[in-house]
J.: 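Questions regarding the structure given below will be posed in turn.
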Amino acid sequence: MSAPTMRQLGDVIPLPASVRSDPAADFRVPSGVSVSAAPAAAAVADELAGLLRRVTGFRVPRDDDGVIRLRLDETVDEAKSPESYRLDIAADGVTLSAPAAQGLFAGVQTLRQLLPETAQAEVVLPGGRIEDEPRFAYRGAMLDLARHFYSPADIRSYIDSIAQFKLNHLHLHLTDDQGWRLEIEGWPRLTEVSGGEGTGIDGQGPGHLTAAEYADLVAYGETRFVTIVPEIDMPGHVNAAQVAYPELTCDGEPVQPRTDAEVGYSSLCASKEETYAFVEDVIRVVAGLTPGPFLHIGGDEALSTTAEDYRTFMTRVLPMVGKYGKRAIGWHEMAAVELPPTAVPQFWRIEPVDAGVARAAENGHQVIMSPADRSYLDMKYDESSPLGLDWAGLLGVERSYDWDPADRLPGVGEESLLGVEAPLWSETLRSLADVEYMAFPRLVAIAEIGWTPRADRTWPSFRRRLGAFGPRFGAQGVNFHRSPEIDWT
Ligand code: ACM
């Protein structure tokens, strides 16, 4: 007899690439359970031991001959993603193997969902083998800190929430018209003036990250295998920078702080050398604080920059990102200019706006897909949503799941995709609880789109697995929208 709370081996989000159940091989976690791991996997093993401790009440030490074994198997096929893993659950023990620590981490997230979320008298894991790897290397969430700021503790909590679904990038939108949220050495007024009281939408989103707080967040993300992608939005969306440093406008005249939600009225001055001194300094500082490979330079909605100025600006700024060792990501408007080979356009519109992204893909660029009508988590779920916007339409859970990034843009197929990202703009979101309400469960849908083989994804299966996940959000203290599209347990 199985314990009543035992899950099926395939009851995991994102759905693994291959699941072979063996009901004769269920594993009853014994009181003497211990976890063994190579030194390079010690942190991941400790995480698993902590999860087991919580649900079994047992001590769960780490030793050399545990019945639960984490193996780094560097002989695995080199073509395999470092995030791939194999999980064998048998009556006499559990073996998780992967080519790298991030694969072991991914496997532990799978194990976490196979374990109960709360303590049980008897804990049983379903027998069989999972072999798993991601569809896309880049699976991201974006959080807008500019319209409303969220504290480092809130951001860490969000990292925890997304990492369990194997999302591996958190893009932080750090600057916009309403606020500048990262301390930049040498430019103190950015955060003194534009990152404090009275900033954000309606003046209700104050705060900024010190350089040390940002570095701590980056380091915290590394422990969850979540890479931070910082965004400095330019040449538009820069009113907060210009309030702090009026010399960044073309006429040098002071500008007023803005706390409304308009877009498209501010621009850096493409014809001034001061602009490039500022931008290069900011890129140098942000790159220096960011060990991850990417630096996002925005580039969207530069509606008060002429096309010629936009080209001049981007053509000078894009190489700066490479000069400081980073790979540029930019919203798809960036694809209007000649891009350095490693640059990544991020598509965000509903319709193909022009041929720029397809042309970039044809020239070998990788693309991130974030179409607003399917992946913008700030859209309302339905007419009754108390939070959110609706300019890209209403976005229910099925609609956020039932699309595919390889179908969105002619000329941008599977092989051109670096991955998928779900942005969350924060005009209407004042707290972490608001953020979670909009993200969950739709961000879970995007996570599965990014991980699971396309041919294996179906809405009825996702809907059932998501419904069963509901109590876990509750146990984790994560707010979520109890969408009527889902039968929540
Ligand atoms: C965007 O939504 N302006 C990228």
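Because the structure is a prediction, the values reported are computed rather than measured. As the structure lists them, so they are numbered: ligands from 1, and atoms in each ligand from 1.
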J.: Please confirm whether the backbone N or O of Leu15 pairs with a side-chain atom of Glu448, one donor and one acceptor, at under 3.5 Å?
T.: yes

J.: Identify the residue among Val279, Val238, Val286 that makes a side-chain contact (heavy atoms from CB on, under 4.5 Å) with Ile232.
T.: Val286

J.: With atoms numbered from 1 as shown, which atoms in ligand 1 lie under 4.0 angstrom from a non-hydrogen atom of Trp425?
T.: 1 (C), 2 (O), 4 (C)

J.: Going by the order shown, which atoms of ligand 1 are within less than 4.0 Å of some heavy atom of Glu301?
T.: 3 (N)

J.: Pull out every atom of ligand 1 sitting under 4.0 Å from any heavy atom of Tyr376, numbered as shown with elements.
T.: 1 (C), 2 (O), 4 (C)

J.: Answer yes if the side chains of Glu183 and His208 hold a donor-acceptor pair under 3.5 Å, and no otherwise.
T.: no

J.: Considering heavy atoms of the protein only, find what lies nearest to atom 3 (N) of ligand 1 and give residue, atom and distance to 0.1 Å.
T.: Asp300 OD2, 2.7 Å

J.: Indicate whether any N or O donor in one side chain lies under 3.5 Å from an N or O acceptor in the other, for Gln242 and Gln256.
T.: no

